[in-house]
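Written out below as structure tokens is the structure these notes cover.
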Number of protein chains: 2
Amino acid sequence: MPMPKLKTAIVDDHPIVIEGLKSLLSNETNLKIVGGFYSGEALLSYLDSHALDLILLDITLPDMNGIELCQKIKAVSLTTCILILSNHTERSIIMQAIQNGASGYLLKNSSIEELRHCIIEAVNGQICYSREVMEIISRPSKNELLGSPRLTRREKEILALIAAGKTSQVIGQELFLSPLTVDTHRKNLIQKFGVKNVAELIMVAVQQQIL
Amino acid sequence: MPMPKLKTAIVDDHPIVIEGLKSLLSNETNLKIVGGFYSGEALLSYLDSHALDLILLDITLPDMNGIELCQKIKAVSLTTCILILSNHTERSIIMQAIQNGASGYLLKNSSIEELRHCIIEAVNGQICYSREVMEIISRPSKNELLGSPRLTRREKEILALIAAGKTSQVIGQELFLSPLTVDTHRKNLIQKFGVKNVAELIMVAVQQQIL
DNA sequence: TTTTATCTACCCATTATTAGGTATTTTTTG
DNA sequence: CAAAAAATACCTAATAATGGGTAGATAAAA
């Protein structure tokens, strides 16, 4: 009995990429490209009236990001397989994508073979990464290495106000706190980051992308 | 007399993009794609033995960036037309590309029509941007608007030391200056940036890419 | 429910920064 | 060379930040 072809869609804001994928996958015997979409909304409205087996998804889209779109697709059609095809190499984005229902993650400079391989794995229920993505995942993130201190809600709030040039007095007034309390938080921030003063604090916080 | 087809090459580290462009441009009557390359070196060694009329070039390449490659191409073959096809929207990168010999700049999410149009303009000796790129160029850069203050050598030096968490005393010792002098520079920095204290100073300096 | 973490607030003492100046000596540049 | 810009250094006085604590209240997790 002949296997029915997987109904596949591509979502990417780059026409060139859509055309490229269509062309690359046109010879595949196990799938059929039924649509290319430039935005998340376009895909979602298509999904309202059509079933899809596989979606190749970019992270950067004009109307929403791919992570959100992942959630929405899965809410509508849980059995649809999603493969992310993106240029983003940040560990956190990869992790978020998987946690939101993606079955795999490839970089756009992946080879055709990798793409083919990941599609097969994904529709078989496996989660599959391209080689480069695998490397990114397996090495601990900078934050884990450097041990970025975890900040409490209050600390983050006060850190932002310090970075805005406000003194403990002013911050206290804005947050309805004693300036002495603000001083304590400030002190804890400096200690947690292991820095000497606010100047260094701001610098390090920016470098660690907390600010 | 039939116009000879333009010998065209594509340089991009994404196989998908190369295939996409090949497919998109396969129906064009005025050009012929003679090669797709994943790296700058690959293109350059091809150029040693073959002439090219047009090159579609990505900025991000594994071995060198597109700006450098532009220079090198022009050094070898001045008559070859170069069109940049990139995702980078930074004004400075666009400007650099043009200054290094590119005849145009398109974003990868450009439409096929824009691409076609820019190719025609470029081979006719015009410089041509896609609509979005045009907008980026015509709006003044953030720095121009905010008027980043120009800092003197000493001020930059001291700013960096402040950002490292050093006090005026310590900085004075390191630079063989009176701490009072350092205080003066610190004062001037705060004034030039129009901020309230060092915390805000560091924040703004980072945002304006001075740190 | 008990422990743990967070948020709150204060004490004391020292050091650093900020704001307002002025002023001389070097460099740079037109 | 003359003028402008930069670098140097000081004065005074007020305000802010830092380092060392302690400790009660509240909220969240085990």
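Within every chain, numbering begins at 1; the chains are lettered A, B, ... in the order of the sequence lines, protein sequences first and strands thereafter.
Residue B:Asn197 is in sugar-phosphate contact alone, with no base atom involved, counting any heavy-atom pair closer than 4.0 Å across all strands shown. Residue contacts for A:Thr181: at a heavy-atom cut-off of 4.0 Å it reaches a base atom on one of the strands shown.
In summary, the side chains of B:Tyr105 and B:Ser86 do present a donor paired with an acceptor at a separation below 3.5 Å, with no hydrogens or angles considered.
In this structure, CG of A:Leu151 is placed 16 Å from P of C:dA5, rounded to the nearest angstrom. Whole-Å rounding puts the B:Leu180 CG to C:dA19 P distance at 17 Å. Rounded to whole angstrom, the span from the CD1 atom of A:Ile158 across to the P atom of C:dT6 amounts to 14 Å. Distance, A:Lys196 NZ to C:dT15 P: 18 Å, rounded to whole Å. Following rounding to the nearest Å, A:Asp183 (CG) and C:dC11 (P) show an atom-to-atom distance of 12 Å. Atom C1' of nucleotide C:dT17 and atom CG of B:Asn188 are separated by 15 Å, given to the nearest angstrom. Rounding to whole angstrom units, CD of residue A:Gln191 and C1' of D:dA17 are separated by 15 Å. Distance B:Leu159 CG to D:dA6 P: 16 Å, rounded to the nearest Å.
Taking a 6.0 Å sphere around NZ of A:Lys7, one finds it holds 12 or fewer heavy atoms contributed by other residues, nucleotides or ligands. Within a 6.0 Å sphere centred on NZ of A:Lys74, heavy atoms belonging to other residues, nucleotides or ligands number more than 12.
Closest approach of B:Cys70 and B:Ala97 over heavy atoms only: SG-O, 4.3 Å.
Of the listed nucleotides (D:dT18, D:dA9, C:dT17), C:dT17 has the atom at the smallest distance from the side chain of B:Arg186. Checking C:dT8, C:dT6, D:dA6 against the side-chain heavy atoms of A:His185 singles out C:dT8 as nearest. Considering only the side chain of A:Lys187, C:dC11 comes nearest among C:dC11, C:dA9, C:dG20. Considering only the side chain of B:Gln169, C:dA16 comes nearest among C:dA16, C:dC7, D:dA7. Considering only the side chain of B:Thr184, D:dC10 comes nearest among D:dT18, D:dC10, C:dT18. Here the nucleotide nearest the side chain of B:Ile190, chosen from C:dA9, C:dC7, C:dT18, is C:dT18. Of the listed nucleotides (D:dC10, C:dC7, C:dA16), C:dA16 has the atom at the smallest distance from the side chain of B:Thr167.
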*Could you go step by step and tell me if B:Leu189 and B:Val198 meet the side chain to side chain contact (heavy atoms under 4.5 Å, CB included) rule?*
CA-CA 9 Å; B:Leu189 279 164; B:Val198 277; over 6 Å; no
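At the phosphate of D:dA5, neither OP1 nor OP2 sits under 4.0 Å from any side-chain N or O atom of B:Thr152.
Nucleotides of DNA chain D nearest to B:Leu175 and A:Lys166 differ in position, and the one nearer the 5' end is that of B:Leu175.
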